[in-house]
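Right, one structure below, let's go through it.
Excluded from the calculations below are hydrogen atoms, water molecules and symmetry mates; all remaining heavy atoms, backbone and side chain alike, are included. Each chain gets a letter, A, B and so on, in the order its sequence line appears, and its residues count up from 1.
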Amino acid sequence: MTVLASPVPKTEVRSLSMAQALNRALRDAMADDPSVVMFGEDVGALGGVFRITDGLTAEFGDNRCFDTPLAESGIVGMAVGMAMNGMRPVVEMQFDAFSYPAFEQIASHVAKMRNRTRGRVTLPMVIRVPYAGGIGGVEHHCDSSEAYWAHTPGLHVVAPATPADAYALLRESIASPDPVVFLEPKKLYWSKQEVALPVRAPGIGTAVVRREGTDATLIAYGPAVPVALEAAEAAAREGRSLQVVDLRSIVPFDDETVCAAVRSTGRAVVVAEASGFASVSSEIVARVTERCFNSLAAPIRRVTGFDIPYPPPKLEHFQLPGVDRVLDAVDDLQWEQ
Amino acid sequence: MTPDPRRLLPSAEPVSLIDPQGRAADSPSHALPDDATLLRSLGSLITARRLNDQAYALVRQGRLAVYPSSHGQEACQVAAAQVLEAGDWLFPTYRDTVAAVVKGVDPVEALSLLKGDWHCGYDPYLHHVAPHATPLATQLPHAVGVAHAARLRGEPTVVMAMCGDGGTSEGDFHEALNFAAVFQAPVVFFVQNNEYAISVPLSRQSAAPSLAHKGIGYGVNAERVDGNDMAALLAVLGAAVERARAGEGPQLIEAHTYRMQAHTNADDATRYRDDADVEAWKDRDPIQRLRAHLRERELFTDEIEAGFTAEAERVAAHLRDGLNRDIEPDPEDLFAYVYASPTPQLREQAALVADELSREGAN
Ligand SMILES: Cc1ncc(C[n+]2csc(CCOP(=O)(O)OP(=O)(O)O)c2C)c(N)n1
Ligand SMILES: [Mg+2]
């Protein structure tokens with residue numbers, strides 16, 4: 001089982017929000033490697049609508065961090081060309097649903113170039129997507145789009161849940177030889193943590209046990225991780241010990257860590273914000289069931305968003321998986337036998 | 001022989017009929033609208049400004065989540081709707097609430113999206129106003145489709161399709177213009193060029209001589225107009241609607257205006273533009289300009305002004321009352337409209353929410 005990297009020489013410990021950690025990761029990557037460029041909508045003078053690129057144009061100039069015309073397909077398509085020609089582009093889609101005009105570029109080109117060319121043309125690029133809800137955003141600003149990307153072979157898909165992971169995963173994504181869709185949970189942008197910089201963590205594709213527990217395993221990623229941790233805390237007060245696994249990376253998927261965790265407790269609940277039908281959460285249940293059937297004392301339960309378009313702000317609390325729903329699902333794990 | 005393509009090009013300067021001081025300016029191509037129309041438009045402009053400022057205040061009071069204001073762009077908003085017949089369609093963006101209201105939508109219903117009660121708060125068929133479009137330029141091909149369907153059925157409908165300067169960079173803008181031209185669809189594409197797309201200035205959006213110049217490549221007739229000149233907007237948009245209705249195909253109109261406030265209340269415009277730039281545009285205010293013109297000609301009296309102000313206050317009060325009323329959101333709505341009839345899975349999910357609520361009620 002993989003746990004977070006052993007302590008490294010602490011060069012600098014700072015309290016950072018996830019937004020600041022991402023900003024710092026971009027700065028450090030751009031300082032380390034002149035081929036790293038950042039572009040998108042409002043990422044220059046404004047520093048991005050979430051300020052993730054704040055100060056990058058001032059520090060590195062308009063050739064390294066720049067605003068483009070307003071066209072997502074153009075942004076991703078240009079990144080493909082730049083990656084083909086020696087650069088490591090990082091692009092920002094302003095909000096999850098505004099990545100859809102780039103769907104064609106991502107699904108047909110970003111994901112397939114390596115395979116089409118027998119590995120001759122590779123695309124080391126990162127598509128950053130502020131994603132998911134919980135911020136009272138109006139329509140098209142709160143989509144959980146991970147299933148589209150995860151279902152498309154050729155893309156790595158990661159979703160950090162802590163500032164330290166945000167830093168480490170973004171650095172690894174930029175360094176990766178493969179294209180990465182980097183999902184940034186919007187509601188966690190302002191969550192803070194003491195972070196030792198530079199963060200060292202196991203590579204993309206490793207999950208982490210966030211909380212030890214013996215009775216059941218909660219499996220979560222991105223915005224659902226704090227919900228799972230809160231639920232584990234609440235369960236502990238009622239005498240039930242819940243383990244929490246944070247996937248960190250959806251593709252590649254860390255079967256080893258997840259299955260070891262589930263085998264150790266024999267029960268599991270998957271918590272995810274996205275709609276449940278044909279989703280990443282379905283995939284998790286299928287994989288774990290295939291691999292751990294004999295260790296399971298109960299069918300794996302899921303707590304997910306409903307199979308509906310993301311609701312307006314006044315109704316969003318019904319859609320978001322909350323602690324109560326997680327605890328109800330845990331209660332359903334056939335404890336009486 | 002192909003007709004001279006230059007006929008598709010916009011004029012070298014935006015059409016202007018009343019200058020910033022309120023003086024009538026000669027135009028070789030367009031006549032000043034009649035007095036009654038101008039006076040009525042001034043009334044609409046005063047209400048439009050009041051609506052914008054009321055909505056902005058409601059954001060500060062927490063009654064609206066966010067408001068992309070058209071403050072300073074009211075002439076475009078009013079003209080876009082005023083040149084249409086009741087059966088014509090309007091396709092607004094998130095910034096075009098006022099245009100939707102001028103077309104007939106109740107302002108409270110128009111702001112449901114931004115209040116957070118529901119996505120589209122009005123019946124699009126009632127006043128022929130499509131739902132506000134947030135994903136940029138995506139509404140433009142829809143506008144072409146509505147116009148094409150009307151044409152196929154022999155109906156005289158014209159469609160006013162709105163977008164911003166930033167929106168013209170999206171692929172959908174170009175596909176819509178091309179489709180409209182190929183099918184000769186009666187669409188007026190109306191671009192409000194307010195010089196910014198959030199923080200990105202026009203110079204980073206396009207290297208074309210003007211956004212109206214984008215028409216010629218698709219065979220779309222184009223014109224440019226001073227976007228703060230109500231009279232010129234009525235003349236230019238009105239002529240475009242007439243041409244579209246007469247079967248002369250799609251029209252592209254670029255209005256040169258300015259976003260006087262931040263993109264929305266959530267935006268900090270000091271990060272990317274100087275206050276002095278905004279200051280300079282204050283002298284070109286669309287309401288002052290028409291007001292000065294009509295005052296000078298003694299058409300706009302104190303009495304009429306009092307009437308217009310009272311009407312604007314009435315609409316603002318209606319908006320306040322509507323937005324200050326809390327509607328208890330009904331969770332059944334979550335599942336009711338996804339399909340013609342809910343799938344078995346959705347029925348289960350709705351039952352789960354109902355069960356949660358009854359348990360909460362019991363506690
Ligand atoms: C496809 C898409 N990409 C990005 C956005 C985010 N966004 C909302 S408004 C805006 C700027 C639009 O500028 P413009 O078209 O000039 O209209 P304005 O806001 O100035 O009226 C951006 C980038 C969006 N709504 N849709
Ligand atoms: Mg604009």
Mark yes when over 12 heavy atoms from residues, nucleotides or ligands other than Tyr148(A) sit less than 6.0 Å from its OH; otherwise mark no.
-> no
Return the option, out of Asp328(A), Asp324(A), Thr68(A), with the maximum number of heavy-atom pairs under 4.5 Å with chain B.
-> Asp328(A)
With a 4.5 angstrom heavy-atom cut-off, which part of Leu136(B) approaches chain A: side chain, backbone, both or neither?
-> side chain
Hey, mind stepping through Arg325(A) and Glu356(B) against salt bridge (Lys or Arg N to Asp or Glu O under 4.0 Å) and telling me if it holds?
-> CA-CA 9 Å; Arg325(A) 277 188 201 153; Glu356(B) 282 178 353; 2.5 Å; yes
If one checks every heavy atom of Asp330(B) against chain A at 4.5 Å, the contacting part turns out to be backbone
SB check Asp117(B) Lys314(A) (cutoff 4.0 Å) | yes
Indicate yes or no for a side-chain donor-acceptor contact from Arg271(B) to the backbone of Gly47(A) under 3.5 Å, with no hydrogens or angles considered.
-> no
Would you mind checking which part of Glu72(A) comes under 4.5 Å of any heavy atom in chain B, side chain (CB onward), backbone (N, CA, C, O), both or neither?
-> both
Is the Lys NZ or Arg CZ of Arg347(B) less than 6.0 Å from the centre of Phe335(B)'s six-membered ring, within 45° of the axis?
-> no
Leu113(B), part contacting chain A, at a heavy-atom distance under 4.5 Å | both
So Asp54(A) and Arg27(A), salt bridge (Lys or Arg N to Asp or Glu O under 4.0 Å) or not? Walk me through it.
-> CA-CA 10 Å; Asp54(A) 194 18; Arg27(A) 258 171 64 204; over 6 Å; no
Does a salt bridge link Arg359(B) with Asp355(B), judged by any charged N lying under 4.0 Å from a carboxylate O?
-> yes
Partner chain B: residue of His140(A), Gln319(A), Glu41(A) with the largest heavy-atom pair count (under 4.5 Å) | His140(A)
One option among Asp67(A), Asp307(A), Val49(A), Leu70(A) has the most heavy-atom pairs under 4.5 Å with chain B, and it is Leu70(A)
Option in Thr138(B), Asp333(B), Leu334(B) with maximal non-hydrogen atom pairs under 4.5 Å from chain A | Leu334(B)
Using non-hydrogen atoms and a 4.5 Å limit, figure out which bit of Ile327(B) sits close to chain A: side chain, backbone, both or neither.
-> neither
Which of the residues Val138(A), Asp42(A), Leu46(A), Ile308(A) is involved in the greatest number of heavy-atom pairs with chain B at under 4.5 angstrom?
-> Asp42(A)
Heavy-atom distances under 4.5 Å only: say whether Pro101(A) touches chain B with side chain, backbone, both or neither.
-> side chain
Under 4.5 Å from a heavy atom of chain B, the part of Phe306(A) involved = both
In terms of heavy-atom proximity below 4.5 Å to chain B, should Glu104(A) be classed as side chain, backbone, both, or neither?
-> neither
Counting heavy-atom pairs under 4.5 Å to chain A, which of Gly166(B), Ser112(B), Ala65(B), Pro135(B) comes out on top?
-> Pro135(B)
Under 4.5 Å to a heavy atom of chain A? For Val200(B) that would be both
Which residue, Leu202(B), Leu211(B), Asn193(B), Asn194(B), forms the side chain to side chain contact (heavy atoms under 4.5 Å, CB included) with His256(B)?
-> Asn193(B)
Heavy-atom distance under 4.5 Å to chain A: side chain of His174(B), backbone, both or neither?
-> neither
If you round to the nearest 0.5 Å, how far is CD of Glu273(A) from OG of Ser144(A)?
-> 4.5 Å
More than 12 non-hydrogen atoms from neighbouring residues, nucleotides or ligands closer than 6.0 Å to CG on Asp321(B), yes or no?
-> yes
